[in-house]
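The structure under discussion appears below in the form of C-alpha cells.
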There are 2 protein chains.
Amino acid sequence: MASGSESGTGRVTLTDVARLAGVSRSAASFALNGRTDLRISEETVARVRDAAEELGYSPNTTAKTLRTGRSGTVALVSDFIGTTSFANSMVRGALQALRDADALLYTVETEGDRAAEARVLQNLLNRDVDGFIYASMFTRRVEVPAVIERAPVVLLNCVSPDDSVPAVVPDERAAGEAAAAALLNAGHRDRIWFVGTFQAGVTGGAAWHGWSPLALTERLAGIRTALHAAGVELAGTLPIERDWDIANGRASVARLLASSTPSALICVNDAVAVGAYQALQDAGLHVPGDVSVVGFDGSPLTEAVVPTLTSLALPHEELGRVAARMLLEDPSAPRTERIPMPLVAGASIAAPAGIR
Amino acid sequence: MASGSESGTGRVTLTDVARLAGVSRSAASFALNGRTDLRISEETVARVRDAAEELGYSPNTTAKTLRTGRSGTVALVSDFIGTTSFANSMVRGALQALRDADALLYTVETEGDRAAEARVLQNLLNRDVDGFIYASMFTRRVEVPAVIERAPVVLLNCVSPDDSVPAVVPDERAAGEAAAAALLNAGHRDRIWFVGTFQAGVTGGAAWHGWSPLALTERLAGIRTALHAAGVELAGTLPIERDWDIANGRASVARLLASSTPSALICVNDAVAVGAYQALQDAGLHVPGDVSVVGFDGSPLTEAVVPTLTSLALPHEELGRVAARMLLEDPSAPRTERIPMPLVAGASIAAPAGIR
DNA sequence: ATGAAAGCGCTAACAC
DNA sequence: GTGTTAGCGCTTTCAT
C-alpha cells in the first residue's frame, strides 16, 4: 500500500536502492551521481553504492531525460545513405567520438524528401536529442531546416548558404592543388586534361537531384590554381554524361582519345578514373607510361586496377569524428572546418611520355 | 500558482492544448490518440485537434515512453561497421522498414569488445528500446549476450548456437550452388578450382578475430553439392593468406598458375576474384576465353574490371529490411530466414578453352 | 547532513 | 460522456 515497487515490474529503481541502503531517494541520487553540492557522508555514499551493486541497479535513462531535458543522444540526419562506403565511415567516425562522451547515435535517412525530413526532425526533437549532425552525401550548399535549429547543429559534408552554421567538409580545393602538384612534380607541363565536368545546363544525373556538387567546382579550382602558379594551363575539361561512374568515364575519355593524346588525366572521382583506364587500354595506351591518371575519393577501386590508382582520399571517418566532436564540445563556434584529403599514392603517375 | 506552464519553457504541452480546447488533459489525450474506449463527442475531438494545430502541439515522446515503456526505437548493434558498403546498405534496408512503422534507429558499433558491448546494451535497455537487431559483418555463429534477451532480438547475418533466436542470413549455400551451376551451364566439367580457403589452423587475418566465417563453409558446401550432382568434382581448393583481399587473391592464384592451368575459378569473394584477374593477366591468360571466373558479394568491384565479373550478390538492403520487419511484426517466431543471393551477370564466364 | 515533496509531460485507471 | 487523479523514475529545491 505504501510506496515501493520492489517486485512490481521486476525493474530495480532508485527507490529500491534507497530503501536497501536505508536512505532517502534524494540522498541515493546524490550519492550515485557524485554530487558535492549537498554533503553526504563518505560512509553513506559507500552504502548506497553497495546497495546499487547488490541489486544490479541501472538508472532509467528515459526518466532522467524527462527530468533534465538532456538525452545523451545525437542524430545523424543524411539525405542519402547511398551505396558507397561514404556514410559508413562517417557514421563510424561519429560513433567513435560519441563513445567517448557516452552518447548514442540515431541514424536517419531523409531520401531528399523535405516533408518527411521535417517530420522526422520534429520526432527527434520530441525525444530531446541533444544535437544534430546534418549530412549530405555530396559536398554541397544546403538550406538547413528551420526546426532543426532548436538544437545545436553541425553540418557534415555540406555548408549553409551564408556559412553561419558550423560545418565540417573535406578540403576539396587543397586536394585539387595536390592532384595538380603530383603531376607537376612528375614533369607534366601540358596536355593535362580534367575529366568530369557537366555540360552546360546539366547538373548531373538522377543521383544529384539537381544539386551542384561543390566537389567539382572546388577540385577544379584547386587544380587550376596550382597549375597556374607553375605557369601551366589545363588543356581542357571533358564533360561527362550524368553520373560520375565507370561507364561514363570510359565513354568520355574515349571521345578525347579519338582526336588527341593527353599527357595526364585528372578525374573527378575514382570511378571515372577507372573508366579512363579502360578507355586508355582500349586505345592501346599504357598507364602511367603513356598517360598518367589521378582520381579523387580514395575508394577501394584504387586497389582494383593495375597499376594502382593515385587518388586524393575523402577522410570519411575523420569528417564524422570531427563533426561529432564539434557538436559535443563547442556547439556555438560557427566555423567551417576543412579536413585535409590525404594523397594515397598508387602507381598511376610517371614522367610524361615525351621525356622518358 | 495554479497548474499550467503555457510560457514556462516555451514548450507547448498537452495541458496547454486541453486548456485552449476547454477540456481535461485526459480528454485531450484520448482525442488526439483517437482512442475509442472512452467516448468523446465528435465535436470535442475536432475542438482538441484545432487547438493542437493552432498551438503547434507536438507530443513529448520522452514522457510518453516513460509512461508506456515503449519508445518506438530499435537498436542496430553490430560488431564492426567496417569499410565495405555492407553495413551501409543493411542500415538502409532497416531504415526503410522502420520508417513504415514510424520507428527510429540507434546505430551502435561494439568493435568486438564484449565488455563495452554489455555496457551499451544496458544503456539501450535503460532507454526502453523496443528491440535489437544484432548484426555481424561476417556471416557466423554468435553467442548472443544474455542481457539483450530482455527485449526482442533478431540476428542479422549471423545465427545463434542452437538456432533458437530469430535470424536473417544470406542463403550462402544456394549461392554456392548457383555459382557452380553457372559454370556447369557454360560447359565446364573439370579443372574447376575454389579460391579462398584458410590453411589448417588459420582462421583468417586480423579482421576475423578468430571467427570462422560461415560464408566460406556454406558457399563451398553449396558448390560441392551442385558439382557432385552433375558428376563433377572440384579440382581443388586454394588456400589464401589471412584476409580475402585483392593482393592475397592474386598471390594465391599465381601459385596455382605456376603448376597448372584451371578451366574456371570460383573465388570466395569479389576482391579475391579481382586478384585472380590480375594473376591471370600476369600469366598471359584471358578471362573468360582461357579461364572463367566467378565471385561472391556483388560489390562495386565487379564493374571495375574488364570483363565485368559475374558474382553472387549479398542482398544487403533486403537483409536489413527483413530483419527490421521481423522485429516489428512477429518478434516471437524463432526462425531463420535465408535471403537469396541474386546472380549479377558479368562477362567473366564462357565455355571452357578446350571446347571453343 | 538529511529527508520530504514537487514536478518533467504523458497515459489510463477510476469516479462523476 | 467528461473530469479527477495517480503514477512512470528520476532530479532538485526547500525545509528540517
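Bear in mind the structure is a predicted one, so any value in this text is a computation, not a measurement. Note on naming: letters A, B, ... go to the chains in the order of the sequence lines (proteins, then strands), and numbering restarts at 1 for each one.
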### Test salt bridge (Lys or Arg N to Asp or Glu O under 4.0 Å) applied to Glu43(A) - qualifying residues, sequence neighbours left out
Arg47(A)
#### Entry: the helix from dA1(C)-dT16(D) to dC16(C)-dG1(D): angle between end helix axes, five pairs per end, rounded to 10 degrees
50°
### Summary
Taken to the nearest whole Å, CD/Glu43(B) to C1'/dT2(D) is 13 Å
### Summary
Of Tyr57(B) and Gly22(A), the one whose nearest nucleotide on DNA chain C sits closer to the 5' end is Gly22(A)
### Query
Which residues pass the salt bridge (Lys or Arg N to Asp or Glu O under 4.0 Å) test with Arg25(B), sequence neighbours left out?
none
### Message
Could you tell me how far apart Leu32(A) (CG) and dT11(D) (P) are, to the nearest whole angstrom?
### Response
8 Å
### Query
Does Ser26(B) make a side-chain donor-acceptor contact with the base of dT4(D), cut-off 3.5 Å?
yes
### Partner set under salt bridge (Lys or Arg N to Asp or Glu O under 4.0 Å) for Arg325(B), not counting sequence neighbours
none
### Interatomic distance, Arg25(A) CZ vs dC8(C) P [rounded to whole Å]
16 Å
#### Entry: Separation of atom CZ in Phe30(B) from atom P in dC14(C), rounded to whole Å
12 Å
### Task
Just call it for Thr44(B): base, sugar-phosphate, or nothing, with non-hydrogen atoms closer than 4.0 Å on any strand.
sugar-phosphate
### Query
Quick one: Asn33(A) CG to dT11(D) P, roughly how many Å, whole number?
5 Å
### salt bridge (Lys or Arg N to Asp or Glu O under 4.0 Å) partners for Arg321(A), two or more places apart
Glu317(A), Glu318(A)
### Task
Figure out the CD/P separation between Glu42(A) and dT2(C), and round it to whole Å.
11 Å
### side chain to side chain contact (heavy atoms under 4.5 Å, CB included) against Gln122(A), all qualifying residues, sequence neighbours excluded
Leu125(A), Asn126(A), Val147(A), Ser58(B)
### Query
Would you call Glu337(B) and Arg335(B) a salt bridge, taking side-chain N to carboxylate O under 4.0 Å as the test?
yes
